[in-house]
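Here is the structure we will look at.
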Amino acid sequence: MFHEYKSRIHEYEGTQFPSNSYRKIVLQPAYEEAKKHFLKSMVQIHIAHLKMLEEQQLVSKDDVKKIGFAISQLDLEYYEKQDYKPQFEDLFFRIENKLMEIAGDVAGNLHIGRSRNDMGIAIYRMTIREKLLALMEELVTLRTSLIAFALEHVDTIMIGYTHTQQAQPTTFAHYLKAVIDQLTRDFKRMQHAYATVNRSSMGAAALTTTGFHINRQRMQELLAFDDLVENAWDAVAGADYIAETASVVQLAALNLGRTAQDFLQWATQEFNAISLASPYVQVSSIMPQKRNPVSIEHTRSLLSSVVGDASTVLQMIHNTPFGDIVDTEDDMQPYIWRAMEKLRGIYKLFGSLVVTMDVNKEKLLERAERSFANVTQLADTLVITENISFRQSHAIVSNCVRALLKNNKDSIEDLTWELVNEKCIELTDKPLNISKEEFYQSLKPTHFVNIRKLPGGPAPMTMRKSLLKAKRETPLLNRWIQIKKDAILQSEKRLQQYLDEWSKQET
């Protein structure tokens with residue numbers, strides 16, 4: 001019975017590597033991802049490694065020409081379209097086979113002093129750095145949009161909430177500037193992740209470097225890496241470069257998700273604070289009055305999926321051996337790419353929907369003018385005018401609010417000088433000194449906001465100054481991205497020049 005079962009397995013799976021299921025589940029998906037993401041960087045590493053071997057005189061000039069010519073003959077578009085073939089374990093061996101087909105056995109010298117291990121890690125790092133720069137570029141675009149939008153709303157009074165309850169008057173710009181500052185921190189975390197990612201593993205070979213006199217620093221320079229992963233074991237085993245990237249991307253998604261949740265609530269008819277432009281809403285198929293803010297809903301759900309993909313990366317690394325291991329390689333890499341690409345798209349969508357939406361300034365101001373959220377300023381004012389402690393002042397105002405709510409009066413318009421005077425006498429045995437004019441002025445949300453001029457406060461002048469400072473920082477962020485992109489571009493041009501030279505010499 002067992003032998004019959006084993007026979008059926010062999011019949012389906014085959015008796016040679018790779019088995020049918022291993023090919024379908026592992027090798028074929030990995031190959032599809034590789035041909036989509038790795039071809040360019042793989043060829044660039046071939047060129048850089050060959051140039052380094054030439055400079056180190058580890059390969060003869062004639063052999064360099066032959067190998068270089070073979071590389072120049074690779075039709076990358078062809079490989080992008082080709083399906084996986086079982087006779088080649090992966091894309092690397094398929095390309096290597098083609099090089100040997102063109103140049104002969106001498107093409108095997110291209111693998112002097114390197115391994116698929118250090119080469120694979122370098123490819124992963126080169127792939128992630130480009131996706132990270134593209135993500136950071138979109139983040140800066142979103143940040144720029146929010147700054148412009150916030151500058152339009154430095155005078156837009158609204159209630160700020162703590163513990164989901166009305167807390168104090170503020171402005172929409174004040175809220176947005178907090179989001180902008182958070183995005184800036186996300187950018188800085190991505191900068192740090194980029195520094196970790198953009199380090200060269202080349203020269204580590206399989207695990208212990210090599211006995212050949214190669215030049216690791218030259219490979220770092222040729223491939224536009226900013227630094228070297230010095231320890232060879234660390235170079236092929238360390239997965240914290242991708243874990244750090246996943247953590248940063250996950251946190252960025254969590255951060256923006258909280259804002260998306262706020263916006264979704266503010267778009268409700270009950271809250272009536274914002275209204276999305278037509279391209280970002282969906283009409284109900286049955287209820288004619290509905291304007292569903294689906295773009296914010298999708299933003300929130302997709303941000304959650306970014307968190308999930310990033311979390312998958314961290315989970316796949318968890319409890320793996322500290323060495324070369326497939327858990328941190330082909331199976332895992334697509335999750336971080338997907339997370340970054342999705343977040344990049346969300347940044348673009350979110351920036352567009354925010355800039356085009358309408359803010360119901362009148363409703364927000366009206367709500368603020370009726371709210372008890374203004375009484376913090378009254379308590380502050382009584383400390384000065386009545387020469388009492390803040391705790392005494394707090395108790396007087398709190399007793400007034402409780403008395404009003406007990407009598408079903410839920411608007412600050414019901415809070416009178418006479419009521420506060422009554423509660424003040426009860427607590428301090430002294431009548432109020434504050435004039436009625438000063439008293440009612442302290443209850444206005446515009447007054448509350450305007451006197452909060454300290455750095456970080458919502459006063460229009462303070463907020464405008466803060467936003468303009470953030471705006472001035474934008475070129476610095478863009479400049480950093482451009483410097484990194486230019487370094488990669490110059491590297492690619494230089495490598496292409498080497499390849500062109502070899503191609504001409506051989507022909």
Side-chain angles (χ1 to χ4, degrees), residues 142-186 255-256 258-267 271-275 350-351 354-355 357-384 390 393-394 397 401 411-413 415 438-474:
L142 170 59
R143 182 180 178 276
T144 301
S145 298
L146 291 179
I147 290 171
F149 189 65
L151 282 167
E152 295 294 312
H153 291 284
V154 292
D155 297 308
T156 302
I157 302 290
M158 62 180 277
I159 299 172
Y161 290 73
T162 62
H163 303 283
T164 70
Q165 303 300 302
Q166 294 184 356
Q168 294 181 335
T170 185
T171 65
F172 197 23
H174 190 227
Y175 174 90
L176 291 169
K177 182 54 168 56
V179 177
I180 291 162
D181 288 348
Q182 191 168 249
L183 278 171
T184 305
R185 293 193 299 276
D186 287 333
N255 284 341
L256 189 59
R258 300 177 72 193
T259 300
Q261 170 61 19
D262 285 345
F263 278 23
L264 196 57
Q265 182 180 18
W266 296 347
F271 211 100
N272 194 19
I274 61 174
S275 178
F350 197 73
V354 168
V355 168
M357 73 184 184
D358 291 325
V359 178
N360 193 340
K361 297 181 181 183
E362 294 76 16
K363 173 60 69 175
L364 288 173
L365 177 60
E366 177 191 342
R367 187 175 289 131
E369 287 175 335
R370 290 177 53 83
S371 171
F372 285 123
N374 302 289
V375 298
T376 301
Q377 185 54 44
L378 173 60
D380 289 349
T381 304
L382 293 181
V383 170
I384 300 168
F390 181 77
S393 174
H394 185 283
V397 176
V401 172
S411 171
I412 200 169
E413 295 169 351
L415 182 60
E438 190 176 3
F439 171 83
Y440 288 111
Q441 174 72 4
S442 72
L443 298 182
K444 295 181 182 296
T446 49
H447 174 72
F448 186 104
V449 167
N450 288 338
I451 66 172
R452 278 161 170 75
K453 301 176 182 179
L454 289 174
M461 186 179 297
T462 300
M463 190 47 52
R464 191 172 285 108
K465 182 179 178 181
S466 178
L467 287 165
L468 291 175
K469 179 175 180 286
K471 186 177 181 179
R472 288 193 299 272
E473 292 169 352
T474 303

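All values derive from a computational prediction rather than experimental measurement.
Closest approach of Ser442 and His447 over heavy atoms only: CA-CD2, 3.8 Å. Contact between Gly456 and His174 at its shortest, heavy atoms only, is O-NE2, 2.9 Å. For the pair Gly457 and Thr462, the tightest heavy-atom approach, listed with the atom from each and the gap, is O-CG2, 3.8 Å. Of all the heavy atoms in Ala379 and Ser393, the pair that sits closest is O-OG, 2.5 Å. Contact record, Asn374 with Pro169: OD1-CG, 2.9 Å, taken as the closest heavy-atom pair. In terms of heavy atoms, Ile159 sits closest to Ala167 at CG2-N, 4.0 Å.
The CZ atom of Arg452 lies 6.0 Å from the CG atom of Asp380; values are rounded to the nearest 0.5 Å. Separating the CZ atom in Arg258 from the CD atom in Gln261 is a distance of 10.5 Å, to the nearest 0.5 Å. Distance CG/Leu176 to OG1/Thr156: 9.0 Å, rounded to 0.5 Å. In this structure, CD1 in Ile147 is found 10.0 Å from CG in Leu142, a value given to the nearest 0.5 Å. How far CG of Leu378 is from NZ of Lys444: 13.5 Å, rounded to the nearest 0.5 Å. Separation of atoms CG (Leu443) and CZ (Phe448) is listed at 11.5 Å; rounding is to 0.5 Å.
Salt bridge annotation for Glu413-Arg370: present, with a cationic side-chain nitrogen under 4.0 angstrom from a carboxylate oxygen.
Side-chain contact between Phe263 and Val354: present, with at least one pair of heavy atoms (C-beta onward) separated by less than 4.5 Å. By the 4.5 Å heavy-atom criterion applied to side chains, Pro460 and Asn450 are counted as neighbours. Counting only heavy atoms from C-beta outward, the side chains of Val359 and Phe149 approach each other to under 4.5 Å. Residues His153 and Tyr175 form no side-chain contact, since every pair of their non-hydrogen atoms from C-beta on lies 4.5 Å or further apart. The side-chain heavy atoms of Thr171 and Ile157, taken from C-beta on, include a pair separated by under 4.5 Å. The shortest distance between side-chain heavy atoms of Phe372 and Gln166 does not fall below 4.5 Å.
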field: Verdict with supporting geometry, Asp155 and Thr446, side chain to side chain contact (heavy atoms under 4.5 Å, CB included)
entry: CA-CA 9 Å; Asp155 297 308; Thr446 49; over 6 Å; no
Met158 vs Thr170, side chain to side chain contact (heavy atoms under 4.5 Å, CB included): CA-CA, chis, key distance, verdict: CA-CA 5 Å; Met158 62 180 277; Thr170 185; 4.1 Å; yes
- prompt: Leu467 and Ile180: side chain to side chain contact (heavy atoms under 4.5 Å, CB included), yes or no, with the steps?
  reply: CA-CA 9 Å; Leu467 287 165; Ile180 291 162; 3.9 Å; yes
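For the pair Thr381 (side chain) and Gln377 (backbone), a donor-acceptor distance under 3.5 Å is present. At least one donor-acceptor pair under 3.5 Å links the side chain of Arg367 to the backbone N or O of Phe271.
When the side-chain hydrogen bond (donor to acceptor under 3.5 Å, both in side chains) test is applied to Asn255, the partners found at least two apart in sequence or on another chain are Asp186. Partners of Ser466 according to the side-chain hydrogen bond (donor to acceptor under 3.5 Å, both in side chains) rule, which considers only residues two or more places apart in sequence or in another chain, are Lys177.
For residues 143-152, every residue pair satisfying the side chain to side chain donor-acceptor pair (under 3.5 Å) rule, not counting sequence neighbours, is listed here: Arg143-Thr184, Arg143-Glu473, Arg143-Thr474.
Looking at Tyr161 and Asp262, their side chains never bring a donor and an acceptor atom within 3.5 Å of each other.
Test Glu362, Lys361, Glu369 against Leu365 for side-chain contact (heavy atoms from CB on, under 4.5 Å) and you get one pass: Glu369.
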